[in-house]
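Keep in mind it's a predicted model, so treat the numbers as computed, not measured.
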Amino acid sequence: MPDRPRPGPRLAFRGWRARRPFWGGLLLALGGGEILLTEKASLKVVLHIGMQGLAGYLLPTLMVLLGLLILFNPSQRLFYSITGILLSLGSWLTSNLGGFFIGLLLGAIGSCLTFGWLPDQEPRVSRRERRERKRERKRERKRAEAHALTSEEAGAA
């Protein structure tokens, strides 16, 4: 029997999610899925129309694929996010104004979140905590200066 209890599935998922641009990948995939769901024509009609109709299905499918790749291969997130924003903007022309703007916005926001995500970044410190640390450092410096002055006076006497 192990000494430590095993982390539950929620904690394991939380740790997995913290090591990747989770929300960016999820929003990009959801944007592509939303655009796919708003397509009206069946695939037979699209193939009959030609490349312009096929692009209406191809771009959102690639958006979903890139969203999943961001989730499962975050080391290439910059390439995926730049490609994702280009596909999102391209869906404006090919897919009912980007899935009636909703899919386009989800894809663009997800791509931007992914592009801006940094791995192993320390949590931000609030302004109040920064001010308190600064005040504490000033107090420490004053104490050190006072101690140095008293030691100099004691050495001179």
Specify the closest pair of heavy atoms between Leu71 and Leu26, including all atoms of both residues, with the distance to one decimal. CD2-N, 4.3 Å
Considering only heavy atoms from C-beta outward, does the side chain of Thr114 approach that of Leu28 to under 4.5 Å? no
Can you list every side-chain hydrogen bond (donor to acceptor under 3.5 Å, both in side chains) pair that touches residues 61-72, not counting sequence neighbours? none
Check the hydrophobic clustering (I, L, V, M, F, W, Y; side-chain heavy atoms under 4.5 Å; chains of links allowed) and say if Leu59 and Leu89 are grouped together. no
Result block: side-chain N/O donor-acceptor pairs under 3.5 angstrom for residues 100-113, not counting sequence neighbours:
unit_1: Ser111; atom_1: OG; unit_2: Ile85; atom_2: N; d: 3.2
unit_1: Ser111; atom_1: OG; unit_2: Gly107; atom_2: O; d: 2.9

Taking only residues at least two apart or on different chains, which pairs with a member in residues 63-74 satisfy side-chain hydrogen bond (donor to acceptor under 3.5 Å, both in side chains)? Asn73-Ser75, Asn73-Tyr80
Quick one: list whatever passes ring-ring contact (aromatic ring centres under 6.0 Å, His included) with Trp16, sequence neighbours left out. Phe13, Phe72
Rounded distance (nearest 0.5 Å) linking atom CD of Glu132 with atom OG of Ser126: 7.5 Å
Between Pro74 and Pro21 the two heavy atoms that sit nearest each other are CB-CD, 3.6 Å
Specify the closest pair of heavy atoms between Ala18 and Trp117, including all atoms of both residues, with the distance to one decimal. O-CZ2, 4.1 Å
Under the side chain to side chain donor-acceptor pair (under 3.5 Å) test, which residues partner Ser81, sequence neighbours left out? none
Under the side-chain contact (heavy atoms from CB on, under 4.5 Å) test, residues paired with Ile82 that sit two or more places apart: Leu86, Phe115
List the residues meeting side-chain contact (heavy atoms from CB on, under 4.5 Å) with Arg14, not counting sequence neighbours, and say none if there are none. Arg17
The criterion is side-chain contact (heavy atoms from CB on, under 4.5 Å); which residues satisfy it with Glu145, sequence neighbours excluded? none
Taken in chain and number order and not counting sequence neighbours, the residues that satisfy side-chain contact (heavy atoms from CB on, under 4.5 Å) with Arg143 are Glu136, Arg139, Glu140
Roughly how far, to the nearest 0.5 Å, is the CG atom of Leu62 from the OG atom of Ser91? 11.5 Å
Examine Met63 and Leu69 and state if one hydrophobic cluster contains both, with Ile, Leu, Val, Met, Phe, Trp and Tyr joined whenever side-chain heavy atoms are less than 4.5 Å apart. yes
Tell me which pairs pass side-chain hydrogen bond (donor to acceptor under 3.5 Å, both in side chains) where either residue lies in residues 18-35, with sequence neighbours left out. none
Check Pro60 against Ala55 and note the closest heavy-atom contact, atom names and distance. CD-O, 4.1 Å
